[in-house]
Amino acid sequence: MFVTDKILPELPAPQNTKGIVHWLKVNLFSGPVNTILTLFGLFLLYKIVPPAVQWVITDATWVAETRDTCRGEGKGACWAYIINRFDQVMYGFYPADERWRPNVAGIFLVLLAIPLFIEKTPKKAWLAGFILVIYPIIAYFLIRGGSFGLVPVDTNKWGGLMLTLIISFAGIVTALPLGVILALGRRSTMPIVKSFSIIFIEFWRGVPLITVLFMASVMLPLFLPEGTDFDKLARAMIGITLFQAAYIAEVVRGGLQAIPKGQYEAASAMGLSYWKSMALVILPQALTLVIPGLVNTFIALFKDTTLVLIIGLFDVLAVVEKVLSADAAWLGFHTEGLVFSAFVFWIFCFAMSRYSMSLERKLDTGHKR
Amino acid sequence: MTDAQANTNEEFAIQLINMNKWYGDFHVLKDINLNVKEGERIVICGPSGSGKSTVIRCINHLEEHQKGQILVHGEEITGDVKQLERLRTDVGMCFQHFNLFPHLSILDNLTLAPIWVKKVPKAEAEATAMKYLERVKIPDQALKFPGQLSGGQQQRVAIARSLCMDPKIMLFDEPTSALDPEMISEVLDVMIELANEGGMTMLCVTHEMGFAKKVADRVIFMDAGQIIEENIPEEFFNNPQSERTQLFLSQIIDH
Ligand SMILES: Nc1ncnc2c1ncn2[C@@H]1O[C@H](COP(=O)(O)OP(=O)(O)OP(=O)(O)O)[C@@H](O)[C@H]1O
Ligand SMILES: [Mg+2]
């Protein structure tokens with residue numbers, strides 16, 4: 001028999017199970033190999049980070065009239081090179097007087113998109129639908145002009161970050177639905193639909209994007225009737241869209257395959273038609289499952305837009321690489337151009353990645369057991 | 001039943017006439033003949049793999065039969081898409097694994113088909129849904145997601161979901177066999193209540209013999225793709241005719 005009437009006091013946790021010293025000991029210096037690796041890592045960081053920070057920030061030149069200001073002993077990056085011609089980096093050869101139009105389109109998009117991130121917005125689906133379907137049309141007429149009293153601006157004048165964003169946005173908005181249709185087609189029981197989808201997907205997945213772009217800009221006009229002038233940007237966008245749709249189709253198909261048969265059966269046993277059960281039951285689940293794969297494809301698409309350079313369209317990288325560096329008064333700032341473009345792309349890709357993670361977390365609650 | 005053909009009239013909710021089905025070369029269902037009257041409650045039992053689920057699933061055409069006829073309310077099922085969609089609004093089905101839609105709240109699970117198939121206004125569909133959730137005794141779970149409910153609750157939601165379509169026929173495919181013992185009775189209670197209300201034709205694959213004794217008008221025993229025996233529950237359990245039925249009953253009662 002055992003009885004006690006002593007009440008034990010609460011003691012603080014032993015020192016070595018918490019605190020930074022303990023963490024360091026467990027994670028960085030837990031053995032000879034680990035210690036050597038840690039020291040080597042620290043040495044590399046010491047060698048790389050301070051010089052990089054110096055070059056990018058502390059020693060950099062932000063304002064300069066001529067290139068000489070940037071040059072000299074102990075000078076870092078010459079951001080003035082980019083800043084002086086920032087308009088061109090943003091808009092390419094889009095006429096300066098008309099740049100308010102893409103600006104308005106951009107601000108409009110941001111304003112439309114903000115409510116999507118607010119929890120309590122009613123009718124989010126309609127808003128999203130508007131952004132995906134109606135907005136691109138409005139934005140096109142605004143930026144392209146030629147109607148409603150707006151001066152027409154040919155698409156070959158479009159450029160810079162604006163062009164990159166336009167191609168990516170239009171590409172994602174059109175390639176996603178197309179990819180979904182192809183994925184459904186590939187799983188169809190109708191032999192013609194099925195084989196068409198398979199052939200389409202396998203064809204586009206099998207050719208490099210560069211060939212697609214070349215074909216779109218060089219070969220496609222040969223097949224079109226004489227005199228039809230088909231916009232170069234449109235051709236490039238069609239090529240990119242079809243190419244990405246094939247990838248998206250395979251990602252989505254993976255999601256469709258992961259949905260248990262019972263879901264399909266329950267939906268059809270309730271009298272839902274094929275399209276309704278897909279739209280209301282299967283796709284919402286399948287697409288949620290494949291968000292990581294989809295975002296991966298979107299990021300790839302975003303970066304692949306740089307290839308339009310080879311058919312003579314000037315996206316942000318092309319402007320920096322070809323236009324800015326051709327300026328005889330500012331020769332020799334190649335590195336700055338590349339670092340800047342890499343940074344721009346990284347920002348957007350990182351944002352997409354973060355957004356997809358938050359979306360995943362949000363949509364997950366319904367599935368948790 | 002040689003005169004089955006002549007009996008095709010509206011008084012039967014379901015008629016299976018010489019129905020045969022194959023999975024590839026495997027003959028799953030052999031000459032199934034069954035007439036189910038309007039409002040009749042039928043329990044189907046039999047050993048695993050005997051084709052019980054397949055029969056049920058052929059009736060709402062989740063599986064296709066290759067020979068013979070299936071008539072629902074006197075109308076032969078042809079597999080025509082439009083006909084099927086109409087038919088399925090009249091025939092509700094509950095599955096062994098519930099098959100609730102995990103991405104939708106309970107309420108949305110219940111209102112989905114009424115809104116999108118029957119075009120019922122949303123407010124009305126929600127009111128109906130709440131009515132049925134109350135009948136299956138879980139109105140407080142309406143805003144949760146299926147993944148947050150116990151198995152028994154999920155199956156009751158699944159039953160309510162079918163009822164929301166106001167079906168004339170309900171098909172149950174082993175609604176309690178995926179449940180823990182303590183949850184079986186809560187689901188059976190709901191089904192017994194439903195059966196006792198009358199008016200609805202029920203076809204239920206189950207091994208719950210207590211349920212069969214309480215509510216079934218007829219019990220059907222299947223083995224190896226055939227209907228072996230069919231009788232009123234009292235006779236079926238107390239005086240089984242075929243040897244296979246006797247064996248089956250002795251097995252499920254023994255353990
Ligand atoms: N999709 C299929 N393809 C091939 N064979 C199948 C398929 N579905 C079922 N079968 C076979 O058909 C037979 C009947 O299956 P069914 O599911 O109808 O049996 P059951 O009586 O419901 O059995 P249980 O009590 O285990 O649910 C089984 O032998 C099964 O293996
Ligand atoms: Mg079964």
Side-chain angles (χ1 to χ4, degrees), chain A residues 119-120 122-126 128-129 180 184 187-193 252 255-292 294 356 359-369, chain B residues 53 56-57 59-64 81-106 108-119 143-151 154 158 161-167 169-171 173 178:
Chain A
E119 206 60 48
K120 285 195 285 283
K123 309 247 184 245
K124 266 190 194 176
W126 286 102
V180 168
L184 293 176
R187 285 170 59 85
S188 164
T189 47
M190 289 181 273
I192 296 181
V193 175
V252 173
L256 291 173
Q257 264 162 358
I259 305 298
K261 204 166 151 239
Q263 294 288 311
Y264 292 87
E265 289 178 348
S268 49
M270 290 161 80
L272 288 170
S273 67
Y274 173 80
W275 288 108
K276 280 180 192 162
S277 44
M278 287 305 139
L280 299 167
V281 177
I282 305 301
L283 284 173
Q285 297 183 59
L287 292 178
T288 309
L289 272 179
V290 296
I291 287 175
L294 283 179
S356 90
L359 198 61
E360 251 176 275
R361 229 173 296 123
K362 206 174 80 199
L363 294 176
D364 188 42
T365 51
H367 298 251
K368 235 175 256 153
R369 272 236 57 147
Chain B
S53 301
I56 291 263
R57 293 156 58 84
I59 293 173
N60 66 356
H61 210 75
L62 285 179
E63 302 285 353
E64 205 168 346
V81 177
K82 282 290 154 228
Q83 182 202 40
L84 273 184
E85 282 166 21
R86 183 159 40 83
L87 165 91
R88 283 167 174 167
T89 59
D90 265 358
V91 183
M93 175 146 185
C94 284
F95 300 84
Q96 183 174 9
H97 296 286
F98 335 131
N99 296 353
L100 294 178
F101 305 135
H103 63 300
L104 297 177
S105 71
I106 301 304
D108 289 340
N109 263 278
L110 267 65
T111 56
L112 186 80
I115 290 176
W116 290 93
V117 179
K118 287 196 155 177
K119 314 270 187 270
L143 298 179
K144 288 198 183 164
F145 285 89
Q148 298 166 315
L149 266 53
S150 76
Q154 290 194 44
R161 179 172 73 173
S162 300
L163 294 178
C164 280
M165 288 295 275
D166 200 15
I169 301 171
M170 277 290 282
L171 309 172
D173 189 1

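Here is how names work: the chains are called A, B, and so on, in the same order as the sequence lines, proteins then strands, and each is numbered from 1.
With a 4.5 Å cut-off on non-hydrogen atoms, B:Leu87 does not touch chain A at all. For B:Val81, no part lies near chain A; criterion is any non-hydrogen pair under 4.5 Å. Looking at B:Arg86, there are no atoms closer than 4.5 Å to chain A (heavy atoms on both sides), in backbone or side chain.
Scanning both residues, B:Val117 and A:Met270, for their nearest heavy atoms gives CG2-O, 4.0 Å.
In terms of non-hydrogen atom pairs under 4.5 Å with chain A, the most contact-rich of B:Met165, B:His97, B:His61, B:Arg57 is B:Arg57. In terms of non-hydrogen atom pairs under 4.5 Å with chain B, the most contact-rich of A:Ala267, A:Ser277, A:Gly271 is A:Gly271.
B:Thr89 is linked by a side-chain hydrogen bond (donor to acceptor under 3.5 Å, both in side chains) to nothing, counting only residues two or more places apart in sequence or in another chain. A:Ala266 is linked by a side-chain contact (heavy atoms from CB on, under 4.5 Å) to B:Phe95, B:Asn99, B:Phe101, B:Arg161, counting only residues two or more places apart in sequence or in another chain.
For A:Gln263 (side chain) and B:Leu100 (main-chain N/O), a donor-acceptor pair under 3.5 Å exists by modelled atom type. A donor-acceptor pair is defined here as one N or O able to donate and one able to accept, closer than 3.5 Å; no such pair exists between the side chain of B:His103 and the backbone of A:Ile282.
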